[in-house]
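Report on the structure given below.
Ligands are counted one by one from 1 in listed order, and the atoms in each one are counted from 1 as well. Just so you know, residue 1 is the first one in the sequence shown, and it goes up from there.
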Amino acid sequence: MDNNSLYRQIPKVDDLLHFFDSQQYKRDILKFCINKILAAVREDIARGDLRHIDKHQLIEQIQQYYSKFLKGTLEKVINATGIVLHTNLGRAPLPEDILKNISDIITGYSNLEYDLKKGSRGDRYHHLSEYLEFLTGAESAVILNNNAAAVFLILNTFAKDRECIVSRGELVEIGGSFRIPEVMANSGAFLKEVGTTNKTKIFDYENAISDKTVMIMKVHKSNYVIKGFTEEPSLAEITQRAKKMGLLSYYDLGSGIMTERYYTFCGEKSVKEIVASGFDLISFSGDKLLGGAQAGIVLGKKHLIDKLKKNQLMRMLRVDKITLAVLQEILRMYVMGNERDIAAIDLLNKDSTLLEKKAEKLKKVMESKVPQSKIEVEDVITYTGGGSCPMREIRSKAIVVKAVGKNISVVENNLRRYRIPVICRVSEDKLYFDVRTIFERQFHELAEGVNWALKAS
Ligand SMILES: *Cc1c(COP(=O)(O)O)cnc(C)c1O
């Protein structure tokens with residue numbers, strides 16, 4: 001059949017509308033969905049991918065489109081990768097009952113930007129300052145949309161049309177096109193690179209200082225390591241040299257650690273230690289290892305933080321009330337010493353005994369729902385993810401399912417199409433479900449999904 005006669009066979013929108021119950025389907029939404037499906041049909045014909053038109057199949061596609069449309073495209077998934085701070089899967093999961101505590105604030109009115117003492121306009125940025133002071137010893141704080149915004153605002157406020165010195169070993173790119181040299185160029189600051197990829201010495205910084213220099217910036221090597229013949233000055237050397245030369249020192253930390261529970265596998269300094277080493281400004285994410293909502297937390301000397309707040313760009317980069325409310329809860333957990341209640345910290349700290357137990361439990365559920373496959377528990381290696389603790393291997397446990405007689409990539413693809421999409425790892429002809437990031441409340445759903453994915457074509 002030629003394309004023209006195929007096009008003529010495409011049913012009219014009104015014709016298709018008759019097949020849907022007007023009680024069950026809202027007409028305007030239905031029309032929208034029909035048009036989407038028909039447009040796809042026309043494209044398929046043009047590409048030569050469609051040889052005949054089946055009205056019943058079309059109606060089914062429209063039904064599916066309708067229910068998917070109402071479900072929305074942002075949906076929960078099961079993270080079976082073992083990567084707790086998975087950048088593509090929403091980084092840090094929040095504690096389950098956090099919404100209960102903040103719902104009064106976000107569903108009603110709050111003093112977000114209202115000074116209750118004076119009865120006049122207040123400042124939204126100070127709300128978390130005291131908690132942050134308590135936890136880190138920093139003099140003052142301001143919260144922005146994300147850490148990328150923090151880097152941008154700091155450079156724009158203090159180094160616009162001036163020079164900022166960064167080591168060549170730290171000119172990082174973080175996932176999703178955040179590159180230090182480009183952010184710096186956009187902020188109006190001039191980058192002065194010093195040292196080499198593997199070695200930067202304190203005199204490299206010192207030799208680079210000109211009368212245009214205003215800042216030494218250190219950037220955390222969040223997603224890579226430099227191994228072998230390497231050298232960099234200590235934090236104190238950098239801050240002391242900056243002070244001596246009358247320059248600002250700033251550390252873009254990426255991830256903020258406020259608990260000792262990370263030391264065992266991460267070996268990174270806490271925010272408190274970084275503050276104590278004397279940096280004038282520090283910035284890090286509100287999620288990542290901190291375990292809260294995405295935000296950019298800036299700590300520093302009061303007069304510098306005040307200057308940031310006065311930058312016009314602040315209006316574009318300011319944090320909203322939902323994020324602030326979430327962060328207030330998270331920081332309070334740290335203040336109270338309840339950081340085990342923070343989901344990301346809990347998941348990252350699960351030891352092998354706990355993981356073993358969890359794996360055995362999931363294995364049992366899997367065996368009952370997926371009787372046709374051999375299910376095993378294996379030791380695996382995972383990572384924290386989210387640009388933190390790079391290359392630090394974390395031991396974990398996975399449920400391994402062998403897909404006998406099936407194309408493994410078809411099964412993996414099916415899992416992503418499941419009612420609750422499942423993201424897992426595949427190696428050779430086996431599926432790996434790392435139990436570290438699978439919540440117990442998801443065990444049954446996951447097992448049903450695996451069973452379905454093995455059967456579906
Ligand atoms: C993650 C990261 C950023 C960006 O933080 P976002 O919260 O994703 O905006 C910037 N700098 C470093 C060093 C990072 O690790």
Side-chain angles (χ1 to χ4, degrees), residues 83-94 128 132 141-156 159 164-187 189 191 193 200 215-226 232 235 238 249-258 262 266-271 274 279 281-300 308 313-314 316-320 322-324 326-327 330-331 344 348 383-392:
I83 297 172
V84 173
L85 302 173
H86 199 301
T87 304
N88 303 134
L89 305 182
R91 291 211 307 221
L94 291 172
L128 306 179
L132 288 165
V142 63
I143 320 284
L144 312 174
N145 250 331
N146 50 45
N147 188 38
V151 175
F152 183 83
L153 187 73
I154 288 171
L155 291 171
N156 180 270
C164 176
I165 304 177
V166 186
S167 158
R168 288 202 169 88
E170 296 174 355
L171 294 172
V172 308
E173 174 179 316
I174 318 286
S177 75
F178 177 90
R179 293 173 152 199
I180 288 293
E182 279 153 45
V183 173
M184 198 167 284
N186 280 309
S187 75
L191 167 65
E193 303 174 25
T200 301
M215 178 185 281
I216 296 179
M217 177 182 184
K218 186 167 173 62
V219 186
H220 188 264
K221 297 192 243 338
S222 293
N223 51 8
Y224 65 106
V225 288
I226 298 178
E232 61 179 38
L235 300 182
I238 292 178
S249 56
Y250 164 40
Y251 194 171
D252 171 18
L253 252 185
S255 225
I257 295 176
M258 297 204 189
Y262 282 135
C266 203
E268 304 250 5
K269 286 196 165 60
S270 68
V271 177
I274 307 282
F279 280 93
L281 291 157
I282 292 165
S283 74
F284 53 93
S285 273
D287 62 342
K288 292 194 179 170
L289 289 174
L290 193 71
Q294 182 165 71
I297 300 178
V298 185
L299 305 179
L308 284 177
L313 287 168
M314 194 66 199
M316 277 78 97
L317 307 176
R318 69 181 187 176
V319 68
D320 90 318
I322 301 176
T323 304
L324 274 180
V326 168
L327 284 177
I330 296 287
L331 292 180
L348 280 167
Y383 299 93
T384 52
S388 54
C389 313
M391 308 313 284
R392 285 275 173 164

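Using a non-hydrogen distance threshold of 4.0 Å, K221 does not register as a contact of ligand 1.
With a 6.0 Å radius and a threshold of 12 heavy atoms from other residues, nucleotides or ligands, R168 has its CZ atom above the threshold.
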* Asked: Given M217 and L191, is the side chain to side chain contact (heavy atoms under 4.5 Å, CB included) satisfied, shown in steps?
  -> CA-CA 10 Å; M217 177 182 184; L191 167 65; over 6 Å; no
* **Working for side chain to side chain contact (heavy atoms under 4.5 Å, CB included), residues C164 and L155** => CA-CA 8 Å; C164 176; L155 291 171; 4.0 Å; yes
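Inter-residue side-chain proximity for I274 and F284 is flagged as unmet; no heavy-atom pair is nearer than 4.5 Å. No side-chain heavy atom of T323 sits under 4.5 Å from any side-chain heavy atom of Q294.
Less than 4.0 angstrom separates some heavy atom of R91 from each of these atoms of ligand 1: 6 (P), 7 (O), 8 (O). Atom numbering of ligand 1 starts at 1 in the shown order; those under 4.0 Å from a heavy atom of K288 are 1 (C), 2 (C), 3 (C), 5 (O), 14 (C), 15 (O). Heavy-atom contacts of S222 reach the following atoms of ligand 1: 12 (C), 13 (C), 14 (C), 15 (O) (cutoff under 4.0 Å). For ligand 1 and Q294, the ligand atoms under 4.0 Å from any heavy atom of the residue are 7 (O), 8 (O). Near H220, meaning under 4.0 Å from any of its heavy atoms, are these atoms of ligand 1: 13 (C). Remark: ligand 1 atoms within the under-4.0 Å shell around heavy atoms of G254 are 12 (C), 13 (C), 14 (C), 15 (O).
For A148, heavy-atom contacts with ligand 1 shorter than 4.0 Å involve the backbone as well as the side chain. Using a 4.0 Å cut-off between heavy atoms, K218 makes no contact with ligand 1 at all. Only side-chain heavy atoms of I174 come within less than 4.0 Å of ligand 1; its backbone N, CA, C and O stay farther off.
When only interatomic distances are considered, the shortest N/O to N/O separation between D287 and ligand 1 does not fall below 3.5 Å. Of the polar atoms of N147, at least one N or O is found under 3.5 Å from an N or O of ligand 1, judged by distance alone. In terms of N/O distances under 3.5 Å, ligand 1 is approached by D252.
In this structure, CZ on R318 lies 12.0 Å from CG on L144, to the nearest 0.5 angstrom. In this structure, I216 CD1 and S167 OG are separated by 11.0 Å, a value rounded to the nearest 0.5 Å.
The nearest heavy-atom contact from the protein to atom 7 (O) of ligand 1 is S285 OG, 2.5 Å.
For the pair E268 and R392, the salt-bridge criterion is not met [side-chain N within less than 4.0 Å of a carboxylate O].
Without hydrogens or angle criteria, S255 side chain to K288 main chain gives no donor-acceptor distance under 3.5 Å.
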